[in-house]
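Notes follow the structure.
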Amino acid sequence: MRWPGIFQVGVVLTALLALPAAAEEQMLRAAVIKIERETPLPISRLDLPLPDDGFGGARQATRDNATTGRFLGQAYETEEVTVAPEALIETLDRLVAEGTGTIVAIADAPDLLTIADHLAGQPVLILNASAEDDALRNAECRGNILHVAPSRAMLMDGLAQYLIWKQWRDWFVIHGAYPGDLAKTESLRRAAGKFGAEITEERVFEDTGGARRSDSGHVLVQKQIPVFTQRAEDHDVVVTVDENQVFGIYLPYRTWDPRPVVGDAGLVARTWHPAFEGWGATQLQRRFEKAEERRMTDLDYQVWVALRAMSEAATRTSSDDPVKLRDWMLSEEFEVAAFKGQKLNFRTWNNQLRQAVLLADEKLVVSVSPQEEFLHQVTKLDTLGYDRSESTCQF
């Protein structure tokens, strides 16, 4: 009964030994940088940010990388850095001076561009793990940034495909007034036009700046939301755009018309979900939960993918040179296994990682986009986000 296991181990060892061997041990140093900025307090205490959100994914990736690396003479070291915006440049200079070759950024778009511009021309691999701005993949793109986080366009296209598949073509859109909400609403409009939906009406929910969790009594909300949503144009579904959680999760079960709620509440487009078990994802979930004693978040997953992609490039090139790693990651040969049903790789026209989008509620994954019915001449994954012909990125 033990022979099959021995045989499988032999196959793995044979495959590893077939890879190019490094002459001496290589140390691949990475840093995950989280830039601290004040964010609005979420409505629900269940959504309070985790102090180590993203860092847990980094630790899991480093453990996974070490498993393969020890057979190939490669060691991995990841520093977790939380920094104020005013100390960002000083921190970057220190990391580079200490030999850090990979920077995984948990940052908003302006801070990410600061990182990229400051490190331009230096042999450092920069991986974007959080910023979803479409502009970073178009007019504000930088050749030294590889985007692991999906763009807003990818998320909204994934959601739109499912709504079209369900024949929910008429959308009542309620969006916030923050810059991120406005940008995401533009991505939603683009998705509607791309896939043949109609936005029957848009309404703006203004943040009055109240103490949300003390002002969120169910009696008051139960009276306000129906009034706010009444007399809307005929629609199949309510789409909420609320990146700062000002109002979105108030909408389910409270709208004037009995309609499903999707977007930033109800059915949400995301990269990961703690209940996701498809394509062997249970293995990663269990490893993470055992080591970190909590569930894996979207940000944890995106940081994990970033560092796993770096490791995959190091394995295939037998190199710790960030320039060689980046070139390999943008080559046709590169692929990274990330529990999404197929190998993932980067789009060369805007450095965006192709990946499927999960559509999930609080408890379960409802569907995965791209939907089967949406075809593409290269890969269905390119139906999500900006395709080559749509991109305005010029490195």
Side-chain angles (χ1 to χ4, degrees), residues 37 39-40 105-113 127-142 145-164 171 173-195 197 199 202 204-205 237-248 261-273 297-299 301-302 305-306 346-347 349-360 368-371 374 381-388 390-393:
R37 288 192 179 275
T39 57
I106 302 175
D108 61 17
D111 289 331
L112 181 62
L113 291 176
L127 296 163
N128 167 27
S130 64
E132 299 174 350
D133 304 63
D134 293 332
L136 293 172
R137 286 82 170 168
N138 287 296
E140 293 296 325
C141 66
R142 299 291 190 274
I145 304 175
L146 273 63
H147 302 283
V148 175
S151 65
R152 290 188 177 105
M154 290 174 65
L155 296 171
M156 293 298 93
D157 285 355
L159 176 63
Q161 286 189 11
Y162 180 72
L163 298 182
I164 295 299
W171 304 349
V173 175
I174 304 175
H175 64 82
Y178 285 96
D181 296 331
L182 299 179
K184 195 169 188 177
T185 301
E186 186 57 40
S187 297
L188 184 64
R189 295 187 191 109
R190 173 184 171 276
K194 181 177 180 179
F195 297 113
I199 297 177
E202 290 186 22
V204 180
F205 193 103
V237 63
V238 176
V239 186
T240 175
V241 180
D242 178 31
E243 291 193 338
N244 291 286
Q245 294 191 32
V246 174
F247 66 92
V261 176
V262 303
D264 284 325
L267 186 69
V268 180
R270 50 194 299 185
T271 55
W272 195 246
H273 192 284
T297 68
D298 297 61
L299 185 57
Y301 175 76
Q302 287 157 202
V305 173
F346 287 91
R347 295 170 179 152
W349 57 90
N350 61 5
N351 293 358
Q352 172 67 58
L353 183 72
R354 297 177 171 97
Q355 62 175 297
V357 170
L358 308 184
L359 303 169
V368 180
S369 287
Q371 301 294 313
F374 293 86
L381 291 175
D382 282 346
T383 65
L384 306 179
Y386 284 84
D387 203 354
R388 183 185 298 272
E390 301 171 302
S391 175
T392 60
C393 175

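Remember, predicted model here, so these are calculated numbers, not experimental data.
Between D181 atom CG and I174 atom CD1 the span is 12.5 Å, to the nearest 0.5 Å. Atom CG of residue N244 and atom OG1 of residue T39 lie 8.0 Å apart, to the nearest 0.5 angstrom. One finds the CD atom of E202 at 8.0 Å from the CG atom of L188 (value rounded to the nearest 0.5 Å). Atom-to-atom distance recorded for S187:OG and D133:CG is 9.0 Å, nearest 0.5 angstrom. To the nearest 0.5 Å, atoms CG (L182) and CD (E243) are separated by 10.0 Å. Separating the CG atom in D298 from the CH2 atom in W272 is a distance of 10.0 Å, to the nearest 0.5 Å.
The two residues V368 and L358 make their nearest non-hydrogen contact at CG2-CD2, 3.8 Å. Annotation for A183 and R152: closest pair CB-NH1, 3.7 Å, computed over non-hydrogen atoms. Nearest approach of A131 to A109, heavy atoms of both residues: CB-N, 4.2 Å. Closest heavy-atom contact between I199 and A192: CG1-CB, 4.2 Å. Closest of all the heavy-atom pairs between S391 and N138 is CA-OD1, 3.6 Å. For the pair V204 and A177, the tightest heavy-atom approach, listed with the atom from each and the gap, is CG1-CB, 4.1 Å.
Residues satisfying the side-chain hydrogen bond (donor to acceptor under 3.5 Å, both in side chains) criterion with Q371, sequence neighbours excluded, are S367, S369. Contacts of H175 classified as side-chain hydrogen bond (donor to acceptor under 3.5 Å, both in side chains), with partners at least two apart in sequence or in another chain: none. Residues satisfying the side-chain hydrogen bond (donor to acceptor under 3.5 Å, both in side chains) criterion with S151, sequence neighbours excluded, are absent altogether. Scored by the salt bridge (Lys or Arg N to Asp or Glu O under 4.0 Å) test, R354 finds D382 as partners (sequence neighbours excluded). Residues passing the side-chain hydrogen bond (donor to acceptor under 3.5 Å, both in side chains) test with N350: none are found, sequence neighbours excluded. By the side-chain contact (heavy atoms from CB on, under 4.5 Å) test, S130 pairs with I106, N128, L299, sequence neighbours left out. Remark: D264 engages K184 in a salt bridge (Lys or Arg N to Asp or Glu O under 4.0 Å) (not counting sequence neighbours). In this view, W171 satisfies the ring pair (Phe, Tyr, Trp, His ring centres under 6.0 Å) rule with no residue, not counting sequence neighbours. Taking the salt bridge (Lys or Arg N to Asp or Glu O under 4.0 Å) definition, one finds that R37 meets it with D108, D111, sequence neighbours left out. Among residues two or more places apart in sequence or in another chain, the side-chain contact (heavy atoms from CB on, under 4.5 Å) test is passed with A360 by R270, H273, V365. Taking R137 as the reference, nothing meets the salt bridge (Lys or Arg N to Asp or Glu O under 4.0 Å) condition, with sequence neighbours excluded. Every residue two or more places apart in sequence or in another chain was checked for a ring pair (Phe, Tyr, Trp, His ring centres under 6.0 Å) with Y386, and none qualifies.
Under the 4.5 Å side-chain criterion, counting only non-hydrogen atoms from C-beta, L359 is in contact with L159. Contact of the E390 side chain with the K194 side chain is registered, since non-hydrogen atoms from C-beta on lie closer than 4.5 Å. You'll find the side chain of F346 reaches within 4.5 Å of the side chain of L146, heavy atoms only. You'll find the side chain of T240 stays beyond 4.5 Å of the side chain of F205, heavy atoms only. Residues L113 and L136 meet the side-chain proximity criterion, which asks for heavy atoms closer than 4.5 Å. Two residues are said to be in side-chain contact when any heavy atoms from C-beta on lie closer than 4.5 Å; R142 and L112 fail this criterion.
With T271 as the fixed residue, the side-chain hydrogen bond (donor to acceptor under 3.5 Å, both in side chains) test singles out one of Q302, E132, Q355: Q302.
Under a 3.5 Å cut-off, the side chain of D157 and the backbone N or O of G385 do form a donor-acceptor pair. Under a 3.5 Å cut-off, the side chain of Q161 and the backbone N or O of M156 do not form any donor-acceptor pair.
Ionic pairing of R347 and D387 is not present here: no N-O contact between side-chain nitrogen and carboxylate oxygen is shorter than 4.0 angstrom.
Taking the six-membered ring for Trp and thresholds of 30 and 60 degrees, F374 and F195 have ring planes more than 60 degrees apart, a perpendicular arrangement.
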**Prompt:** Could you walk me through whether H147 and M154 pass the side chain to side chain contact (heavy atoms under 4.5 Å, CB included) check?
**Reply:** CA-CA 12 Å; H147 302 283; M154 290 174 65; over 6 Å; no
